[in-house]
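From a predicted model like this one, the values you see are computed outputs, not experimental measurements. Sequence lines set the chain letters: A, B, ... in the order given, protein chains first and strands last, and positions in each chain run from 1. Basis for what follows: all heavy atoms, side chains included, without hydrogens, waters or symmetry-related copies.
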Protein chains: 2
Amino acid sequence: MRTERLPTLEDVARIAGVSRATVSRVINGIRNVDPQLHEVVWDAVGRTGYVPNRLARSLVTRRTGTVALVVSDSEAHDDDPFMGRFFADPYFGRVVGGLMSVLREKGVQLALQIVGSDDQRRRLVGDLRNGQADGAIVLSLPPIDPLPRMLTEGSVPAVLIGRPSEPVPIDYVDLANDTGATLAAEHLLARGCQRIAMISGPADVPASSDRIAGFRRSMARRGHGWVPTETGNFTRDSGETAMRALLAGNPELDGVFVANDLMALGALAALREAGRRVPEDVAVVGFDDSSAAVAASPALTTVRHPLEDMAAEAARLLLARIEDPAMRVSSVIYEPALIERDSA
Amino acid sequence: MRTERLPTLEDVARIAGVSRATVSRVINGIRNVDPQLHEVVWDAVGRTGYVPNRLARSLVTRRTGTVALVVSDSEAHDDDPFMGRFFADPYFGRVVGGLMSVLREKGVQLALQIVGSDDQRRRLVGDLRNGQADGAIVLSLPPIDPLPRMLTEGSVPAVLIGRPSEPVPIDYVDLANDTGATLAAEHLLARGCQRIAMISGPADVPASSDRIAGFRRSMARRGHGWVPTETGNFTRDSGETAMRALLAGNPELDGVFVANDLMALGALAALREAGRRVPEDVAVVGFDDSSAAVAASPALTTVRHPLEDMAAEAARLLLARIEDPAMRVSSVIYEPALIERDSA
DNA sequence: CGGGGATTGGAGAGCGCTTTCCGAGTGTTA
DNA sequence: TAACACTCGGAAAGCGCTCTCCAATCCCCG
């Protein structure tokens, strides 16, 4: 590869017969530059094929036009298949899609960052403070995560998707998970289900515990003080396993709320295997309204989680905070809705 | 937000009582520095909480430690829902997961770039040449895409996932799509299917046309010179529509090869709706072995597309090319395998 | 026709880092 | 002890850009 040097501002300036400063002004549209010169400069830019060097520009402006999408994972179990699962999960894609829908038109780039250890988190915050990116959208996976606090302490503009596990003055967007669970409970009850069980996610992550709490509370209010529950980890297989366990312990069950669609898919398989018809014998309500819900058969009745919208809102919030770091800390909570299909 | 200036190399040097150059050497582990000084410097780094500024470093080293994941789309239909679909598709996540599995341990970042117009492509190539990233992994969606050629002409290290639509001297990884289609054909034939149809993807994208060609060729060799075909666009809904059309024109059909799992899901729905049992009445073979395949009911017999592995290999290839730009252009073709499940 | 204000272009000082080039210090050999 | 080869740290020149000064030019009005 020839190291043919690329044209720089300097080159353009020489060709246009003006100073670097002038070219810079023209390119950035600053101040009134004599229209004649203006044209001469653009002409030179065209002839040289000049492209501004973003790195150099960022170094002085302290702006990169990039935001980081940080996935904060718990300690990596090394050759851990987890991240693979995470990326393949529709969750990740939906978030990226939502973010890009607003970032793209603003010409802002997205840089992906995975941190799995506190050391990596420290390094990340350091880089961010150094202006590696203008801000961060954070997807926090571990039950308790020091990252949000580190970010605020480093005064790095950041927005979480999902509420922080411990109270931290940081912007976030979240779903009213408890309301969603309530919707599911009421639907199951309204259908006439009598023996209702639940397949939950890990009890220690906020989104999951909110769903558990919301579901239990609603059921208790309607006289169901005890809800048989099995815990999964949001994967399809764990849903299948949980459903089998539930069936073994509660053969007479006629309704189940599954804390996400992927697990519901597994549950459906286990039910089919056990010869139960859905929804006739057992009604199933999922959560997320991911693409899996409509792919399932029967199509899943599920709680809609407007993840794309939430991610888009997170992006907007982040952009606003970057613009005005003194902005009041705010959070946006989305209301879920029940999507009725065939499984309940 | 206080603009408390972050410690720089200069500060560390002052505290350690040495010159900037020395600190730089210590930090980058260059040359033998007196072990004593070495320690003094690290101590100063620790005390100040110094973090090197990657931007500044990149500006001089011409290395960013970042590779771009470029999604080259056709002209955006503006408020086009397409990108949303694309990100939500398991395809995107699987690629990201595969890439990260390699990049992560090398400490290389991934920056996401979407280009929808030739203008954006030009700008992208310019930025890349300017060292915005060390190289690019390209996901090319349009039937004919000038990007690969632009990249090679700009001598930007790049690797395509999927072969280029027109011959360009560029590294790529691809799947032997035709072989995959052959696998599907033989399986259907071996099952004893007599009237076999196909739901293909858009005829103008390479991956899709290879599947069509491979399938037709294999069928022809076995005496089936004519294969009823409907074209979809790789979405679930298009698969459903295509299946209906196929059924309408060929009510007696007993086997169908669907060019990806998502469309197969739709086909399954259409078959169910038409009262056909799968696989008893109609055998269905999908393509990709995405998570949708196992989620489907009946679980899809499908052609495995090792996308994660391919993406990982693409990342390795890219890293190698960045290291040695003169490296011979190479391509890696993966062999698909038939995964037998319940639908055929 | 001269002076004040407004407008415009240029010089140059950085942004934070790497790296070449040197000179000074150390050890080795004849 | 002198000559030589090394080793090691520091000074300084950039990487490509922005932006603050400041000087030059222009216009308008008295």
By side chain to side chain donor-acceptor pair (under 3.5 Å), D171(A) pairs with (sequence neighbours left out) R321(A)
Here the residues of residues 55-62 of chain B within 4.0 Å heavy-atom distance, strictly under, of DNA chain D are L59(B), V60(B), R62(B)
Rounded to whole Å, the CZ-C1' distance (R14(B) to dG10(D)) equals 16 Å
Taken in chain and number order and not counting sequence neighbours, the residues that satisfy side chain to side chain donor-acceptor pair (under 3.5 Å) with Q120(B) are none
The complete set of salt bridge (Lys or Arg N to Asp or Glu O under 4.0 Å) pairs with one or both residues in residues 49-61 of chain B, sequence neighbours excluded, reads D127(A)-R54(B)
- Query: Does S24(B) make a side-chain N or O approach to OP1 or OP2 of dC17(C) shorter than 4.0 Å?
  - Reply: no
Across all chains, not counting sequence neighbours, the side chain to side chain donor-acceptor pair (under 3.5 Å) partners of R63(A) are none
Sorted by chain and residue number, the side-chain contact (heavy atoms from CB on, under 4.5 Å) partners of E10(A) (sequence neighbours excluded) come out as T8(A), R14(A), R20(A)
Nearest-nucleotide check on DNA chain D, S19(B) vs N28(A); residue mapping nearer the 5' end is S19(B)
Ignoring hydrogens and angles, are the base of dT18(D) and the side chain of R25(A) linked by a donor-acceptor pair under 3.5 Å? no
- Report yes or no: do T48(A) and D11(A) form a side-chain donor-acceptor pair below 3.5 Å? no
With sequence neighbours left out, the residues meeting ring pair (Phe, Tyr, Trp, His ring centres under 6.0 Å) with F92(A) are F86(A), F87(A)
Next item on the list: Give T8(A) one of three labels, base, sugar-phosphate or nothing, depending on what nucleic acid heavy atoms sit under 4.0 Å from its own.
Entry: sugar-phosphate
Whole-Å distance, Q132(B) CD to dC17(D) P, equals 13 Å
T22(A) meets the side chain to side chain donor-acceptor pair (under 3.5 Å) criterion, sequence neighbours left out, with S19(A)
The bend of the helix from dC1(C)-dG30(D) to dA30(C)-dT1(D), taken between the axes of its five terminal pairs at each end and rounded to 10°, is 50°
Have a look at N130(B) and say if it touches a base, only the backbone sugar-phosphate, or nothing, with a 4.0 Å heavy-atom cut-off. nothing
